[in-house]
Amino acid sequence: MTYGEKIPIRSRREIQAMREAGRHVAEILLALRQMAEPGVKTLEFDRLAAKEIDRRGLTSSFVGYSPGGLPPYPASVCVSVNEEVVHGIPGSRELRKGDILSLDFGIICDGFHGDSAVTIPVGESSAEAGRLIEATRDSLYQGIAEMVPGRRLSDIGHAIQHRAEGGGFSVVRQFVGHGIGRQLHEPPQVPNYGRAGRGPRLLPGMVFAIEPMVNVGTENVRMLDDEWTAVTADGQLSAHFEHTVLVTEETPEVLTRIAESH
Ligand code: MF3
Ligand code: CO
């Protein structure tokens, strides 16, 4: 892969704005998680998300998003259940005990985006689902641990892949992490796999959204007719975790985390 564009170094003011955006994302995502129980319809998550965005004077990062001629994304939160990998559209589907639920949420605050995702069990889920969720979360944090000055961009994906595959799972190739700032998706792409030691060196002030999607079975995905929902090609479970993260002189700062966050 190539790295054509310079990665911006955020100023103190920009970092303050991104911290604020990240805090809103974390608070709202936590409230969304707390709604997850059997019988809840996936569109109910979108109602709460939209209400919180409105109440706080924010703008959704997702509503109307239309990359590359896709139909505009119609909701404030992506809700993906079980074999749905990402970008599930909230609707009349009811959650059932034993499902796993992925919530992906982003907002704009004072011109800057925050983006985060989490997968949780609904009621209690299978041991395998539990291991998948744990491995995916862990892989995200292994990737984040690489986000220190002097490391290279591909070290992030390498660490993610190592943890996910070490747990016996596969890493989705078709979707990647990304730069984030005044746009939801900025260069560079951040794959969740690959060789270490490639690409630009990381510097304090860079911000990336890191978002591994990890599958029980095949890494391959296919699109549903709605043109948004990606599902595993073999119908097995998938999990997704994401944080917006600032590289600092010291430990990486997870902008979308508050107490009790993933
Ligand atoms: N975290 C997801 C991503 O970066 C959010 C997608 S927003 C949507 O791809 F509008 F495209 F759904
Ligand atoms: Co993202």
Side-chain angles (χ1 to χ4, degrees), residues 7 18 21-22 24-26 28-29 32-33 42-43 45-46 49-50 52-53 58-81 84-91 101-109 112-120 136-137 139-141 143-144 147 153 156-157 160 171-193 206-215 221 223-231 238-246 252 254-257 261-262:
I7 301 170
M18 293 199 77
H24 284 292
V25 170
I28 297 170
L29 201 45
L32 291 169
R33 283 175 57 169
T42 57
L43 57 78
F45 294 94
D46 191 50
E52 283 299 316
I53 286 172
L58 307 169
T59 303
S60 171
S61 299
F62 296 0
V63 172
Y65 185 60
S66 176
L70 280 177
Y73 189 78
S76 301
V77 57
C78 302
V79 184
S80 308
V81 181
E84 296 174 351
V85 177
V86 272
H87 303 163
I89 298 175
L101 170 72
S102 300
L103 298 166
D104 185 348
F105 180 68
I107 55 89
I108 310 171
C109 175
F112 285 90
H113 290 258
D115 189 11
S116 182
V118 62
T119 300
I120 55 168
T136 309
R137 181 179 180 278
S139 75
L140 169 61
Y141 279 95
I144 291 172
M147 296 177 70
L153 192 70
I156 300 170
I160 290 170
V171 170
V172 172
R173 306 297 206 263
Q174 189 160 332
F175 300 97
V176 296
H178 48 95
I180 180 169
R182 289 193 175 274
Q183 305 294 324
L184 175 62
H185 294 145
E186 297 187 358
Q189 295 191 345
V190 187
N192 297 303
Y193 57 89
M206 292 178 175
V207 181
F208 303 101
I210 309 300
E211 51 178 319
M213 284 142 271
V214 176
N215 296 351
V221 307
M223 289 303 167
L224 297 188
D225 288 340
D226 64 22
E227 297 185 64
W228 273 105
T229 311
V231 299
S238 184
H240 180 204
F241 279 80
E242 178 175 22
H243 273 306
T244 299
V245 184
L246 169 72
V254 181
L255 301 178
T256 42
R257 188 167 62 188
S261 286
H262 55 288

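Heads up: numbering here begins at 1 and tracks the sequence. All values below come from the heavy atoms of this structure, side chains included, with hydrogens, waters and symmetry mates left out. Order of appearance sets the numbers: ligands from 1, and atoms from 1 within every ligand. Keep in mind that this is a model prediction, so the values were computed, not measured.
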Are [X] and [Y] close enough that some pair of their side-chain heavy atoms sits under 4.5 Å apart?
{"X": "Ile160", "Y": "Leu140", "result": "no"}
{"X": "Asp115", "Y": "Phe105", "result": "no"}
{"X": "Leu255", "Y": "Val207", "result": "yes"}
{"X": "Met213", "Y": "Val86", "result": "yes"}
{"X": "Ser139", "Y": "Val214", "result": "yes"}
{"X": "Phe208", "Y": "Ile180", "result": "no"}

* Asked: Can you list the protein N, O or S atoms less than 2.8 Å from the Co ion (ligand 2)?
  ->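 Result, waters dropped: Asp115 OD2, His178 NE2, Glu211 OE2, Glu242 OE2.
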Under 4.0 Å from a heavy atom of [X]: give me the atoms of ligand 1 that qualify, with their elements.
{"X": "Tyr65", "result": "8 (C), 10 (F), 11 (F)"}
{"X": "Cys78", "result": "12 (F)"}
{"X": "Glu242", "result": "1 (N)"}
{"X": "His178", "result": "4 (O)"}
{"X": "His87", "result": "2 (C), 3 (C), 6 (C), 9 (O), 12 (F)"}
{"X": "Asp115", "result": "1 (N), 4 (O)"}

* Those residues that, when tested against Glu211, pass side-chain hydrogen bond (donor to acceptor under 3.5 Å, both in side chains) (two or more places apart) ->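 Here the qualifying residues are His178, His240.
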* Closest contact, heavy atoms only, Leu58 versus Cys109 -> CD2-CB, 3.8 Å
* Specify side chain, backbone, both or neither for Phe175, according to which of its non-hydrogen atoms lie closer than 4.0 Å to ligand 1. =>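 No part of Phe175 comes within reach of ligand 1.
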* Residue portion contacting ligand 1 (non-hydrogen atoms closer than 4.0 Å) for Phe62 ->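 Under 4.0 Å from ligand 1, Phe62 contributes backbone and side-chain atoms.
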* Asked: Knowing that exactly one of His243, Glu242, His262 qualifies, which makes a side-chain hydrogen bond (donor to acceptor under 3.5 Å, both in side chains) with Thr256?
  ->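 Only one of His243, Glu242, His262 forms a side-chain hydrogen bond (donor to acceptor under 3.5 Å, both in side chains) with Thr256, namely His243.
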* To do: Specify whether Trp228 and Tyr65 have parallel, tilted or perpendicular ring planes, treating 30° as the upper limit for parallel and 60° as the lower limit for perpendicular.
  => tilted
* For the residue pair Ser102 and Thr119, confirm or rule out a side-chain donor-acceptor distance under 3.5 Å. =>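 Their side chains do contain a donor-acceptor pair, which is all the 3.5 Å distance test asks for.
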* Asked: Among Asp104, Val86, Val63, Thr244, whose heavy atom sits nearest atom 1 (N) of ligand 1?
  ->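 Heavy atom nearest to atom 1 (N) of ligand 1 belongs to Asp104.
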* Got the closest protein heavy atom to atom 11 (F) of ligand 1, with its distance? -> Trp228 CZ3, 3.1 Å
* To do: Looking only at protein heavy atoms, identify the closest one to atom 3 (C) of ligand 1 and say how far it is in Å.
  =>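 Sorting protein heavy atoms by distance from atom 3 (C) of ligand 1 puts His185 NE2, 3.2 Å first.
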